[in-house]
Amino acid sequence: MVKSSVKSDTVEFIDHLERREAIGKFCEYLFLFGLLIGLFVLALLVLNIAHDGLGRLLTPGFLTETPSRFPERGGIRPAIIGSFYLGIIVLLVAVPIGVGSALYLEEYAPKTWWTALIEVNIGNLAGVPSIVYGLLGLAVFNYLLNFGPTLISGALTLALLSLPVIIVTAREAIRAVPDSLRQASYGLGSTKWQTIQHHVLPYAVPGILTGVIISVSRAIGDAASLMVVGAVSFLTFDPGLFQRFMALPIQIFSYITRPEPGFANAAAAAIIVLILLILALNAIAIYLRQRYSTPN
C-alpha cells in the first residue's frame with residue numbers, strides 16, 4: 001500500500017515537471033516569436049529608409065551644404081552641427097548634475113520623508129512627455145533668462161529632459177555596489193569621499209553609462225521639445241550657442257511635411273545620418289562602459 005502511494009506520488013511529480021517544462025518551452029518560443037516580429041519590423045524600416053535615402057545621402061553636398069527650397073539641392077550641414085552641439089552640451093550639463101544627484105541621494109541624504117518625496121518625483125519626471133519639458137524650457141530659458149530661441153536654450157531643455165533618466169539609472173548602479181566593499185574601505189581608514197571615489201564609482205560606471213546612453217539618445221532624437229523652444233527648419237549659416245539653430249529631427253519633420261516627392265528622399269537620408277550619429281555616441285559610451293567594467 002505504501003509502495004503504491006509512493007509510486008503514485010512519483011508519477012504525479014514527474015508529470016508536474018513535464019508540464020512545467022512544456023509551459024517553459026512554450027513561453028520561450030512565444031517570446032522568441034515576439035522578438036523576431038520586432039526585428040522583422042525594424043529590418044523593414046531600415047531597408048525602406050536605406051532604399052529611399054542612400055541615393056540622396058551620397059549626393060555631393062548633402063552633408064556639407066546648407067538647406068535649399070529645392071529637394072535635389074542643398075544639404076543638412078547646419079542640422080548636423082546643431083545636433084552635435086546639442087549632444088555635447090547635454091553630456092556636459094546633465095551627466096555631472098545627474099550623477100552628483102544620484103550620489104547624494106544614495107550616499108549622503110538621510111532617509112526621511114523629504115528624500116522619499118524627491119525620489120518619487122524624480123521617478124515620475126522620467127516618464128513626462130518631452131513637449132512638457134519644451135514648455136518648461138520656453139518659459140525658463142527663452143523668457144525668464146532671456147536666452148531666446150537659441151541653441152543654448154534647446155540644449156539646456158534637452159539636459160532637463162535627460163536628467164531624470166540619468167539620476168534613476170545612476171542610483172540603481174550605485175545601489176548595486178556591494179555594501180561590504182564600502183565597509184572594507186572604511187575599515188582601512190578611508191573617508192566617505194575616498195570610498196566613493198576609488199571604490200563605489202569605478203564599480204558603478206558601467207551602469208551609469210547605460211543611463212547616459214539611453215538619455216542622450218532620447219535627447220538627440222527628440223523633436224517636440226525643440227519645436228517648442230524655437231528650433232527652425234531652414235538655416236543658411238552654422239549655428240552658434242546664442243543663435244537660432246537647426247537639429248536633425250526638426251529637419252526630418254520639415255522634409256516629410258512638404259508635398260514634393262524629392263523631400264521624402266531627403267528626409268530618409270537625414271534619418272540615416274541621425275541613426276549613424278546616435279550609433280556613434282552609443283559606440284563611444286559602450287566602449288567606455290567596457291573599458292571601466294573591471295575597476296583597476
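Note that the coordinates shown come from a computational prediction; the quantities given were computed from them, not determined experimentally.
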Is there a donor-acceptor contact under 3.5 Å from the side chain of [X] to the main chain of [Y]?
| X | Y | value |
| --- | --- | --- |
| Ser153 | Pro149 | no |
| Ser101 | Ile97 | yes |
| Arg56 | Phe263 | no |
| Thr115 | Thr112 | yes |
| Lys192 | Glu107 | yes |
| Arg218 | Ser162 | no |
| Arg182 | Val177 | yes |

hydrophobic_cluster_shared for [Y] and [X], side chain cutoff 4.5 Å:
| X | Y | value |
| --- | --- | --- |
| Val229 | Ile152 | no |
| Leu92 | Leu160 | yes |
| Tyr255 | Phe234 | no |
| Ile122 | Val165 | no |
| Leu91 | Leu201 | yes |

As an exercise, state the distance from [atom1] of [X] to [atom2] of [Y], rounded to the nearest 0.5 Å.
| X | Y | atom1 | atom2 | result |
| --- | --- | --- | --- | --- |
| His198 | Leu181 | NE2 | CG | 12.5 Å |
| Arg171 | Ile174 | CZ | CD1 | 8.5 Å |
| Ile272 | Leu248 | CD1 | CG | 12.0 Å |
| Leu241 | Tyr85 | CG | OH | 7.5 Å |
| Tyr203 | Ile208 | OH | CD1 | 14.5 Å |
| Lys111 | Leu105 | NZ | CG | 7.5 Å |

(request) Locate the shortest heavy-atom distance separating Ile250 from Ala231; write the atom from each residue and the value. (result) CG1-CB, 3.8 Å

(message) Tell me the closest heavy-atom pair linking Ala270 and Phe62, and the distance in Å.
(response) N-CZ, 4.0 Å

Min side-chain heavy-atom separation [X]-[Y] under 4.5 Å:
| X | Y | result |
| --- | --- | --- |
| Pro249 | Ser83 | yes |
| Val90 | Val95 | no |
| Tyr108 | Ile196 | yes |
| Thr210 | Thr169 | no |

Table please: side-chain donor-acceptor pairs of residues 123-140 below 3.5 Å, with sequence neighbours left out.
{"residue": "Asn124", "atom": "ND2", "partner": "Val120", "partner atom": "O", "Å": "3.3"}
{"residue": "Ser130", "atom": "OG", "partner": "Asp222", "partner atom": "OD1", "Å": "2.7"}
{"residue": "Tyr133", "atom": "OH", "partner": "Leu125", "partner atom": "O", "Å": "2.7"}

(request) Using the side-chain contact (heavy atoms from CB on, under 4.5 Å) rule, take Leu226 and Phe253 through it: C-alpha gap first, then chi angles, then the decisive distance, then the call. (result) CA-CA 12 Å; Leu226 294 180; Phe253 177 77; over 6 Å; no

(request) From the options Pro67, Ser254, Pro239, select the one residue that forms a side chain to side chain contact (heavy atoms under 4.5 Å, CB included) with Met246. (result) Pro67

(request) Mark yes when over 12 heavy atoms from residues, nucleotides or ligands other than Tyr143 sit less than 6.0 Å from its OH; otherwise mark no. (result) no

Going by atom type alone, with no hydrogens or angles, which donor-acceptor pairs under 3.5 Å involve a side-chain atom of residues 44-52 and a protein atom two or more places apart or on another chain?
none

(request) Apply side-chain contact (heavy atoms from CB on, under 4.5 Å) to Ile220 and Val216, showing your working. (result) CA-CA 6 Å; Ile220 292 296; Val216 175; 4.1 Å; yes

(request) With side-chain contact (heavy atoms from CB on, under 4.5 Å) as the test, would you mind laying out the steps for Tyr186 and Thr195 before giving the verdict? (result) CA-CA 7 Å; Tyr186 295 147; Thr195 300; 3.2 Å; yes

(request) Take the angle between the ring planes of Phe147 and Phe242 and call it parallel below 30°, perpendicular above 60°, tilted in between. (result) perpendicular

(message) Could you go through Leu161 and Leu158, starting from their C-alpha distance and side-chain angles, then the distance that decides it, and tell me whether this counts as side-chain contact (heavy atoms from CB on, under 4.5 Å)?
(response) CA-CA 5 Å; Leu161 175 67; Leu158 293 181; 4.0 Å; yes

Please list every donor-acceptor pair under 3.5 Å in which a side-chain atom of residues 74-82 meets a protein atom from a residue at least two apart or in another chain.
{"residue": "Arg77", "atom": "NE", "partner": "Asp238", "partner atom": "OD1", "Å": "2.9"}
{"residue": "Arg77", "atom": "NH1", "partner": "Thr64", "partner atom": "O", "Å": "2.6"}
{"residue": "Arg77", "atom": "NH2", "partner": "Asp238", "partner atom": "OD1", "Å": "3.4"}

(message) Please determine whether side chain to side chain donor-acceptor pair (under 3.5 Å) holds for the pair Ser190 and Ser185, giving the CA-CA distance in whole Å, both sets of side-chain angles, and the decisive distance to 0.1 Å.
(response) CA-CA 6 Å; Ser190 300; Ser185 179; 3.3 Å; yes

